[in-house]
Amino acid sequence: MLYQIFETQRSLMEPFADFAQAASKLYGQTTSPMAQNPMAQRVSAGYDLLYRLGKDYEKPEFGIKSVEVDGVEVAIHERIELDKPFCELRRFKRFTDDAATLTKLKAQPVVLIVAPLSGHYATLLRDTVRTMLKDHKVYITDWKNARLVPLSEGEFHLDDYVNYVQDFIRDLQSKYGNCHIMSVCQPTVPVLAAVSLMASRGEKTPITMTMMGGPIDATKSPTSVNNLAMNKSFSWFENNVIYRVPDSFPGAGRRVYPGFLQHTGFVAMNPDRHLKSHYDYFQDLIKGDNSSIDSHREFYDEYNAVLDMDADYYLETINTVFQEFKLVRGTWEIKNPKGKLELVRPQDIRTTALLTVEGELDDISGSGQTEAAHKLCSGIVRQEHHHLEAKGAGHYGIFSGRRWREVVYPHVKKFILEHNQVAKPVSATVAAATPTPAKAAPVVKKAAPVVKKAPAVAKKAAPVAAAAAPKAAAAKK
């Protein structure tokens, strides 16, 4: 019922939002007679703010048209490589007429970025992708809004997420020989599980794993998000935050954790900060500070765009990661596509180098939660374990913004490059005729040195209605 009420409210607000947008333009355009009113600029700013508070935010576009590589502008073509019921594997293909640049691009590492499925779209990692494209061939998981997936496509479980990741890795291996994998926040857990299962079967595993700000071991430095998931029972989540998609969407009848509840949780974590941000936006409109206006709109166009998650996936994530701690306890069994249960054994990973990244001020994944992956991956030789704590960075800052570009990315780039084996594209004929190797190619030893961890910083945040959900900081750090 709550979902239906929300949709009814949104439908009623839509014409008022459209009116506010039109009124803002009427008072704001210099050619309009209404703009001659002494209070016109304030009235226009007020209507603009009302429009943005009331409008419906749809899925944003990545919008990456080009990047600069060594002073040469390289065109980007975004396309879908694999299309699954709940996820698309999206590639950012690079094009250039400069022969030297083209040769360099072909030799660069292939990286699969696994984006979070925790409320926001994969476009939340736009800055991550744009930065990585300068030195890597980039693919990303673009998770679909569950309310748009028809019931005929079946359910989506945490096991399916893990199986999707394995399929994407194998697809890149068939094309390039091997790849590197990067996971940001929520996917660190299923990505570690996916690589573990591949290692246990004797399959080739990615050359490197980069894990950033994820709840590998949520018992370490638990945050407000962790505490909510730990203190509420499984049945509480099932009875209080799961609803069926209304008839107006393709996924009508599907049980989901709605995006609007997730958004409420995001805002509740820092209500004062959001209130101040909107007031500053109003003042910037009056002053005509176009740079600040554009920054506010760009951030909230992303922040306010949320998606629904399939109920089975959401509830199983709560139980597996935040209540039973199955990964760290060694009790997590995953059902493969053939229906067979397989035990997740990170200790079986041997030929994949590991880099973990944490933000000093992260209030979503606490200090030590991501670093815990090193203890689990005991089969990796000691010199292939690397850890970075980004000073002054919050959760959002480790993958977007100035600290990501200036502090975190140089370490990630160096780590991947020092381990990279130049992968040549594999023709479809050869790939089809070649069985999966039982052993990965040797890894180049000695990557970037481990950056020592500073003492944990105490963090305090208000309880929220969304568990196991990464939020975007209200201002880039």
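What you see below is based on every heavy atom in this structure, not just the backbone, and it leaves out hydrogens, waters and symmetry mates. Keep in mind the model is a prediction, meaning the values are calculated, not measured.
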request  = Carefully, step by step, assess Y161 and W143 under the rule ring pair (Phe, Tyr, Trp, His ring centres under 6.0 Å).
outcome  = CA-CA 10 Å; Y161 190 122; W143 301 99; 4.3 Å; yes
query = Is it true that a side-chain atom of R94 and a backbone atom of H136 form a donor plus acceptor pair closer than 3.5 Å?
reply = yes
query = Among side-chain atoms of D348 and S200, is any donor-acceptor pair under 3.5 angstrom?
reply = yes
query = If you measure only the distance, is there a donor-acceptor pair under 3.5 Å linking the side chains of H374 and T356?
reply = yes
ask   = Are the side chain of N163 and the backbone N or O of D159 linked by a donor-acceptor pair below 3.5 Å?
value = yes
message = Tell me if the centroids of the rings in Y313 and H157 come within less than 6.0 Å of each other.
response = no
ask   = Does any donor atom in the side chain of T352 or T205 lie under 3.5 Å from an acceptor atom in the other side chain?
value = yes
ask   = Is the charged tip of K137 near the ring of Y176: under 6.0 Å from the six-membered ring centre and within 45° of its axis?
value = no
task = Run the numbers on Y409 and W404 for ring pair (Phe, Tyr, Trp, His ring centres under 6.0 Å), then give the verdict.
result = CA-CA 6 Å; Y409 176 66; W404 149 249; 5.5 Å; yes
message = Whether K25 engages the ring of Y27 as a cation-pi pair (distance to the six-membered ring centre under 6.0 angstrom, angle to the ring normal within 45°) should be assessed.
response = no
query = Do the non-hydrogen side-chain atoms of I76 and K65 ever get within less than 4.5 Å of each other?
reply = no
query = Any cation-pi pair here, K93 with F95, using under 6.0 Å and within 45°?
reply = yes
message = Would you say E384 and H419 are linked by a side-chain donor-acceptor pair, where the criterion is simply a distance under 3.5 Å?
response = yes
ask   = Side-chain donor-acceptor pair under 3.5 Å between Y303 and H120, yes or no?
value = no
message = Regarding K134 and D70, does a basic nitrogen lie under 4.0 Å from an acidic carboxylate oxygen?
response = no
key: Partners meeting side-chain contact (heavy atoms from CB on, under 4.5 Å) with T188 (sequence neighbours left out)   = S183, M211, P215, I216
query = Do the side chains of C87 and K144 get nearer than 4.5 Å, heavy atoms only?
reply = no
request  = Give me the one residue out of T210, N420, L355 that meets side-chain contact (heavy atoms from CB on, under 4.5 Å) with H180.
outcome  = N420
task = Identify, with sequence neighbours excluded, every residue that meets side chain to side chain donor-acceptor pair (under 3.5 Å) alongside E14.
result = none
message = Taking the basic N atoms (NZ, or NE/NH1/NH2) and the acidic carboxylate oxygens, is any pair closer than 4.0 Å for K175 and E81?
response = yes
task = Tell me yes or no: between the side chains of Q369 and D362, is some donor less than 3.5 Å from an acceptor?
result = no
